[in-house]
Asks: 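This is the structure I want to talk about, given as structure tokens.
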Number of protein chains: 2
Amino acid sequence: MHESKLHRQVEPRLREAEVRYTKGRRVIVEVLATSDGPRSAAELHADLGATVPISSIYRTLAVLEESGIVTPHFATKGIARYELAEWLTGHHHHLVCVDCGAVEDVDVPDGYEEQVRILVSDIAGVARFTPTNHALEIEGLCKDCA
Amino acid sequence: MHESKLHRQVEPRLREAEVRYTKGRRVIVEVLATSDGPRSAAELHADLGATVPISSIYRTLAVLEESGIVTPHFATKGIARYELAEWLTGHHHHLVCVDCGAVEDVDVPDGYEEQVRILVSDIAGVARFTPTNHALEIEGLCKDCA
DNA sequence: TTCCTTGCAAACGATTTGCATTGGA
DNA sequence: TCCAATGCAAATCGTTTGCAAGGAA
């Protein structure tokens, strides 16, 4: 996805939420767009060479989450990681390394995804639960830790 | 599952890990066995009427996790919840309420589970990832919040 | 000018740890 | 008896917030 296209998608959504699309917010959106998996506040802080204070990163992530630009992810103990929302990146799942904690995105072929969707709605029906989303987390060893 | 049977399963595993199966540890195992979803340290503390200090609960959970008796779960922001490991309870997935944060276990019919297992191994193969486990988290509104 | 946003430091909540005491094999 | 387990309090870590200064409309 080209960077300027991304900003054109994000901008109206933030305007709707009545918040500004500032330089600091753009930078974080850009880093997330080039990451191959969700990033924590500390990781983003490092990605940006500590040019943005950590508290600003948290505030930006909170604003972006409220506006539906990013979604949080909690598969690792004690830390939250964020990624661009699926309307920006497409639906995908995660590979979580149980050794080093790294999280990587994976796409699931359409046929499989369809099976998962059917499974989810069947299960939810039985449990009187109204599903809004699903996440398949595959835990194991990444290629570096194997 | 009958309580004493549970203890008979847990006991040898702890002995193997060279830790004692004390009263405090038994009580936590029992509470987890009667919960219908994973519990946080604070929830366990409350479940036990504050009779066990919170730091002991954390320590017990750490010991039980290292010994493979319980597994952690992180779907809710900022807090870890624990449940009995699958070799004690059977394989299952989770319904996570996006409103109140409650997490409930659900069993998945065998046919579906087989599909998921195939999906996981196919995906992992492509990504050069060695899967050890998978978790299907269904997010949505529980019957109380709907 | 008028708010929104940012930076810094202090505050917070969940979890961990040091140390002296208790308890089980 | 002896070492693991526990309780309490202090420390740590990720995250949030108050407040004053900076920046965009």
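Residue numbers begin at 1 in each chain, while the letters A, B, ... track the order of the sequences.
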Asks: Give a yes or no on whether a salt bridge exists between A/Glu114 and A/Arg117, defined as a side-chain N under 4.0 angstrom from a carboxylate O.
Replies: yes

Asks: Using modelled atom types only, decide if a donor and an acceptor are shared between the side chain of A/Glu43 and the backbone of A/Ser40 within a distance under 3.5 Å.
Replies: yes

Asks: Measure CZ/B/Phe74 against C1'/C/dT15 and give the value in whole Å, please.
Replies: 12 Å

Asks: Are B/Val29 and B/Leu32 packed together at the side-chain level, in the sense that at least one heavy-atom pair is separated by less than 4.5 angstrom?
Replies: no

Asks: Pick the nucleotide of DNA chain C nearest each of B/Tyr82 and A/Gly24; which residue has the one closer to the 5' end?
Replies: A/Gly24

Asks: For A/Thr22, answer base if it contacts any base atom (sugar-phosphate contacts may also be present), sugar-phosphate if it contacts only those atoms, and nothing otherwise; contact means non-hydrogen atoms under 4.0 Å.
Replies: sugar-phosphate

Asks: Do other residues, nucleotides or ligands put more than 12 heavy atoms under 6.0 Å from B/Arg128 CZ?
Replies: no

Asks: Report which part of the nucleic acid A/Val63 touches: base, sugar-phosphate, or nothing (heavy-atom distance under 4.0 Å, all strands).
Replies: nothing

Asks: Using atom OH of B/Tyr21 as one end and atom P of C/dA25 as the other, report the distance to the nearest whole Å.
Replies: 13 Å

Asks: Rounding to an integer number of Å, can you tell me how far B/Arg15 CZ sits from C/dG24 P?
Replies: 16 Å

Asks: Could you list where the contact with chain A starts and ends along DNA chain D, reading 5' to 3', using a 4.0 Å heavy-atom cut-off?
Replies: D/dG14 to D/dA24

Asks: What is the distance, to the nearest angstrom, from the OH atom on A/Tyr58 to the P atom on C/dA9?
Replies: 17 Å

Asks: B/His45 NE2 to C/dT15 P: how many Å, rounded?
Replies: 13 Å

Asks: Can you check the B/Arg26 CZ to C/dG23 P distance for me, whole Å?
Replies: 17 Å

Asks: I want to check one thing: is the phosphate of C/dG7, taken as OP1 and OP2, less than 4.0 Å away from some side-chain N or O of A/Ser56?
Replies: yes

Asks: Using heavy-atom distances to pick each residue's nearest nucleotide on DNA chain D, tell me which of A/Ile54 and B/Arg59 is more 5'.
Replies: B/Arg59

Asks: In whole angstroms, how far is the C1' atom of C/dC4 from the NZ atom of A/Lys23?
Replies: 18 Å

Asks: Select base, sugar-phosphate, or nothing to describe what B/Lys77 touches, counting heavy atoms under 4.0 Å on all strands.
Replies: sugar-phosphate

Asks: NA contact type, B/Ala42, heavy-atom cut-off 4.0 Å: base, sugar-phosphate, or nothing?
Replies: nothing

Asks: Please work out if B/Ala62 contacts a base, only the sugar-phosphate, or nothing of the nucleic acid, heavy-atom cut-off 4.0 Å.
Replies: nothing

Asks: Are any of the side-chain nitrogens in B/Arg39 or B/Glu83 under 4.0 Å away from the carboxylate oxygens of its partner?
Replies: no

Asks: Do the non-hydrogen side-chain atoms of B/Val106 and A/Val126 ever get within less than 4.5 Å of each other?
Replies: no

Asks: Grab the CD-P distance between A/Glu66 and C/dC4 for me, whole Å please.
Replies: 14 Å

Asks: Is A/Arg15 positioned over the aromatic face of A/Tyr21, cation under 6.0 angstrom from the ring centre and no more than 45 degrees off axis?
Replies: no

